[in-house]
Amino acid sequence: MWVLTPAAFAGKLLSVFRQPLSSLWRSLVPLFCWLRATWLLASKRTKQQLVWREPDETKEEEEDPPLSTTPTSVNYHFTRQCNYKCGFCFRTAKTSFVLPLEEAKRGLLLLKEAGMEKINFSGGEPFLHDRGEYLGKLVKFCKTELQLPSVSIVSNGSLIRERWFQNYGEYLDILAVSCDSFDEEVNVLIGRGQGKKNHVENLQKLRTWCRDYRVAFKINSVINRFNVEEDMTEQIKALNPARWKVFQCPLIEGENCGEDALREAERFVIGDEEFERFLERHKEVSCLVPESNQKMKDSYLILDEYMRFLNCRKGRKDPSKSILDVGVEEAIKFSGFDEKMFLKRGGKYTWSKADLKLDW
């Protein structure tokens, strides 16, 4: 069609000019009509060709959906209540809600079916609710019925009794106890003081129970303005934990800073260089696992007391819908979880006590 068009046009034009002048104007009218029809046909075919390509491009985009996130390691903060008043706390007592035990078990089963390998119970203080019985039942459920490779707890340690170890110790892989200083006066300043109880002495007692009942012992320390110059090398080596997790004090809007916060943690915050100097001072401690604010950011899968994933990407904790209502796959899309950073910071490690080579 397109090859013959110039020749056809020339023929039409030549035949017109061979006619007398009186007929010229009458002949030009059909010529212009012919030109207009040819132009419309060409435009129509061009549009059809463009439309024909669009479905291919759309289909190509739809063939590469984003990869789904697997909840390999989950931190379940089932309560906000706590008996301590740490000034930098980023999970404050805004509600007293705790899920009924069977609902919590249902949510944990959903997580296991979605690929969870490790569950960490935290708070608040997880041993506060029902004197630790609620927590113990969840720990036993996760190890015996869900058969998770790793079940762990983070606690301030002040409410743990030996009877709890007797009843539930065999089902627990790791107990992480928060200790920010080996100077009791500093602990009081931070908010870990509790009357006549000595936080450091209690830590040593818990270390003994973990050894006796074959639970891996871990220490968590938040490095802040009041302990950043301390040297804890000697005490940590003596306690010999399986891991010593060292965090840089974070700010979370709505929790420990901002208008709606129950804490004012700004006075506790330290800079990156100060945190690095603390790490340098303790470089000989082999069990040290450092986590700066950059490493922590978005690298934890956190469930709140309603079993909602918490998205911290905007410097606050924005909740998803509960996994009990929409399922794990849908809720986790709004978690803001950075799986690459989780792996980069060493989030997946030897976390089952059956695999840990510990000197009980």
Side-chain angles (χ1 to χ4, degrees), residues 80-93 122-128 131-132 153-165 174-213 215-251 255-256 262-270 274-275 277-285 287-291:
R80 282 178 170 265
Q81 298 299 300
C82 188
N83 59 325
Y84 276 9
K85 295 181 179 178
C86 302
F88 50 72
C89 179
F90 45 87
R91 193 70 193 150
T92 52
S122 188
E125 171 48 49
F127 283 89
L128 184 60
R131 298 184 178 182
I153 298 172
V154 174
S155 167
N156 62 38
S158 64
L159 301 176
I160 305 177
R161 303 291 179 263
E162 187 174 8
R163 180 174 294 276
W164 192 94
F165 279 96
I174 303 169
L175 174 65
V177 182
S178 300
C179 180
D180 303 319
S181 176
F182 289 92
D183 183 335
E184 194 59 24
E185 291 183 3
V186 173
N187 283 321
V188 173
L189 282 173
I190 289 172
R192 292 203 188 275
Q194 196 183 31
K196 296 180 180 180
K197 291 184 179 180
N198 186 296
H199 190 76
V200 177
E201 289 179 2
N202 192 57
L203 182 72
Q204 294 168 339
K205 180 175 61 178
L206 290 169
R207 176 67 183 94
T208 300
W209 287 343
C210 282
R211 181 196 63 208
D212 294 345
Y213 293 94
V215 175
F217 180 68
K218 177 182 173 184
I219 297 175
N220 285 354
S221 300
V222 178
I223 309 308
N224 60 82
R225 180 58 53 206
F226 295 97
N227 65 3
V228 68
E229 300 301 332
E230 190 172 339
D231 190 341
M232 307 181 191
T233 303
E234 183 179 339
Q235 292 89 340
I236 294 293
K237 284 185 174 180
L239 287 165
N240 191 29
R243 284 163 72 86
W244 178 33
K245 185 73 76 72
V246 174
F247 302 96
Q248 183 180 4
C249 182
L251 289 178
E255 294 287 354
N256 62 10
L262 298 183
R263 297 285 190 275
E264 295 180 356
E266 288 87 350
R267 66 194 181 99
F268 289 90
V269 174
I270 60 171
E274 291 172 295
F275 183 65
R277 284 199 298 272
F278 181 90
L279 299 180
E280 177 66 22
R281 193 181 310 128
H282 296 88
K283 63 183 180 180
E284 294 181 5
V285 180
C287 60
L288 188 152
V289 181
E291 285 194 14

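Along the sequence shown, the residues carry numbers beginning at 1. Values reported hereafter were calculated over all heavy atoms of this structure, with side chains retained and with hydrogens, waters and symmetry mates removed. Just so it is clear, the structure is predicted and the values come from calculations on it, not from any experiment.
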Undergrad: Using every non-hydrogen atom in the two residues, find where A176 and N220 come nearest and quote the distance to one decimal.
TA: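 Distance-wise, the nearest heavy atoms are CB-ND2, 3.9 Å.
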
Undergrad: So which atom in A242 and which in A216 form the shortest heavy-atom distance, rounded to 0.1 Å?
TA: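 Here A242 and A216 meet closest at CB-CB, 4.5 Å.
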
Undergrad: Between N227 and V186 (side chain of the first, backbone of the second, donor and acceptor by atom type, cut-off under 3.5 Å), is there such a pair?
TA: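 No, the answer is negative, given that no donor and acceptor are paired below the 3.5 Å cut-off.
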
Undergrad: Hey, what do you get for OG (S221) to NE2 (H282), rounding to the nearest 0.5 Å?
TA: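 Output value for this atom pair is 8.5 Å.
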
Undergrad: Taking R225 for the side chain and V269 for the main chain, is one N or O donor matched with an acceptor at less than 3.5 Å?
TA: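 Yes; judged by distance alone, with no hydrogens or angles, the pair exists.
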
Undergrad: Residues in side-chain hydrogen bond (donor to acceptor under 3.5 Å, both in side chains) with T208, at least two apart?
TA: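 Per chain and number, T208 pairs via side-chain hydrogen bond (donor to acceptor under 3.5 Å, both in side chains) with no residue.
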
Undergrad: Could you check whether any side-chain heavy atom of C210 comes within less than 4.5 Å of a side-chain heavy atom of F165, counting everything from C-beta outward?
TA: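 C210 reaches F165 side chain to side chain.
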
Undergrad: How long is the span from the CD atom in E274 to the CG atom in L279, to the nearest 0.5 Å?
TA: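 Going from the CD atom of E274 to the CG atom of L279 covers 12.0 Å.
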
Undergrad: State, with a plain yes or no, whether a side-chain heavy atom of N224 is found less than 4.5 Å away from one of R267.
TA: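 Answer no - side chains too far apart.
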
Undergrad: Please name the pair of heavy atoms, one in T233 and one in D231, separated by the smallest distance, quoted to 0.1 Å.
TA: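 Looks like OG1-OD1, 2.7 Å.
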
Undergrad: Do E184 and E201 have side chains that get closer than 4.5 Å, going by heavy atoms?
TA: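 They are not in contact (no side-chain heavy atoms under 4.5 Å apart), so the answer is no.
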
Undergrad: Mind checking what makes side chain to side chain contact (heavy atoms under 4.5 Å, CB included) contact with K85, not counting sequence neighbours?
TA: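 K85 satisfies side chain to side chain contact (heavy atoms under 4.5 Å, CB included) with R263 once adjacent residues are dropped.
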
Undergrad: Tell me, with the steps shown, if M232 and W244 meet side-chain contact (heavy atoms from CB on, under 4.5 Å).
TA: CA-CA 11 Å; M232 307 181 191; W244 178 33; 3.8 Å; yes

Undergrad: Can you find a heavy atom in the side chain of F217 that is under 4.5 Å from one in the side chain of L203?
TA: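 They are in contact (side-chain heavy atoms under 4.5 Å apart), so the answer is yes.
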
Undergrad: Applying side chain to side chain contact (heavy atoms under 4.5 Å, CB included), can you list everything that pairs with E162, at least two apart in sequence or on another chain?
TA: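 E162: side chain to side chain contact (heavy atoms under 4.5 Å, CB included) contacts with Q166, W209, Y213.
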
Undergrad: Carefully, step by step, assess I223 and Q248 under the rule side-chain contact (heavy atoms from CB on, under 4.5 Å).
TA: CA-CA 5 Å; I223 309 308; Q248 183 180 4; 5.9 Å; no

Undergrad: Contact between V154 and S178 at the side-chain level, heavy atoms closer than 4.5 Å - yes or no?
TA: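 Contact flag for V154/S178 side chains = yes.
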
Undergrad: State, to 0.1 Å, how close C249 and F88 come at their nearest heavy-atom pair, and which atoms those are.
TA: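 C249 and F88 have their closest heavy atoms at SG-CB, 3.6 Å.
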
Undergrad: Going by heavy atoms in the side chains, are F127 and I153 under 4.5 Å from each other?
TA: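 Side-chain contact under 4.5 Å: yes.
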
Undergrad: For the residue pair S181 and V200, what are the closest heavy atoms and their distance?
TA: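 Heavy atoms only, the tightest pair is O-CG2, 3.8 Å.
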
Undergrad: Once you round to the nearest 0.5 Å, how far does OG of S155 lie from CH2 of W164?
TA: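 Result: 9.5 Å between the selected atoms.
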
Undergrad: Rounded to the nearest 0.5 Å, what separation is found between the CG atom of N83 and the CZ atom of R192?
TA: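 Atom-to-atom, N83:CG and R192:CZ are 10.5 Å apart.
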
Undergrad: Taking all heavy atoms of P126 and all of G123, pick out the closest pair and write down the distance.
TA: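 In terms of heavy atoms, the two residues are closest at CD-N, 4.1 Å.
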
Undergrad: I'd like to check F268 versus L251 (side-chain heavy atoms, cut-off strictly below 4.5 Å). Are they in contact?
TA: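 A side-chain contact under 4.5 Å is absent here.
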
Undergrad: Is the shortest distance from a Lys or Arg side-chain nitrogen in E230 or R281 to a carboxylate oxygen in the other one below 4.0 Å?
TA: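 The answer is no: the pair does not qualify as a salt bridge.
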
Undergrad: Walk me through it: do E125 and N156 pass the test side chain to side chain donor-acceptor pair (under 3.5 Å)?
TA: CA-CA 7 Å; E125 171 48 49; N156 62 38; 3.3 Å; yes

Undergrad: Can you list everything that forms a side-chain hydrogen bond (donor to acceptor under 3.5 Å, both in side chains) with E280? Sequence neighbours excluded, please.
TA: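 For E280, the residues satisfying side-chain hydrogen bond (donor to acceptor under 3.5 Å, both in side chains) (neighbours in sequence not counted) are K283.
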
Undergrad: To the closest 0.5 Å, what do you measure between CG (D180) and CD1 (I190)?
TA: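 The distance works out to 4.5 Å.
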
Undergrad: Counting heavy atoms not belonging to E266, are there more than 12 under 6.0 Å from its CD?
TA: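 Yes.
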
Undergrad: Roughly how far, to the nearest 0.5 Å, is the CG atom of N240 from the CD atom of Q235?
TA: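 So the CD of Q235 and the CG of N240 are separated by 14.0 Å.
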
Undergrad: Going through the distances and angles, do F182 and I236 end up as a side-chain contact (heavy atoms from CB on, under 4.5 Å)?
TA: CA-CA 9 Å; F182 289 92; I236 294 293; 3.8 Å; yes

Undergrad: Taking only residues two or more places apart in sequence, or in another chain, which ones meet S122 in a side-chain hydrogen bond (donor to acceptor under 3.5 Å, both in side chains)?
TA: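 Checked S122 against side-chain hydrogen bond (donor to acceptor under 3.5 Å, both in side chains); zero matches.
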
Undergrad: Heavy-atom distance under 4.5 Å between the side chains of K245 and V289, does that happen here?
TA: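 Answer yes - side chains close enough.
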
Undergrad: Aromatic rings H199 and Y84: how do their planes relate, parallel, tilted or perpendicular, breaks at 30° and 60°?
TA: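 Tilted: the ring planes of H199 and Y84 meet at 30° to 60°.
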
Undergrad: Using side chain to side chain contact (heavy atoms under 4.5 Å, CB included) as the criterion, list what pairs up with R131, not counting sequence neighbours.
TA: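 With neighbours one apart ignored, the set is empty.
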
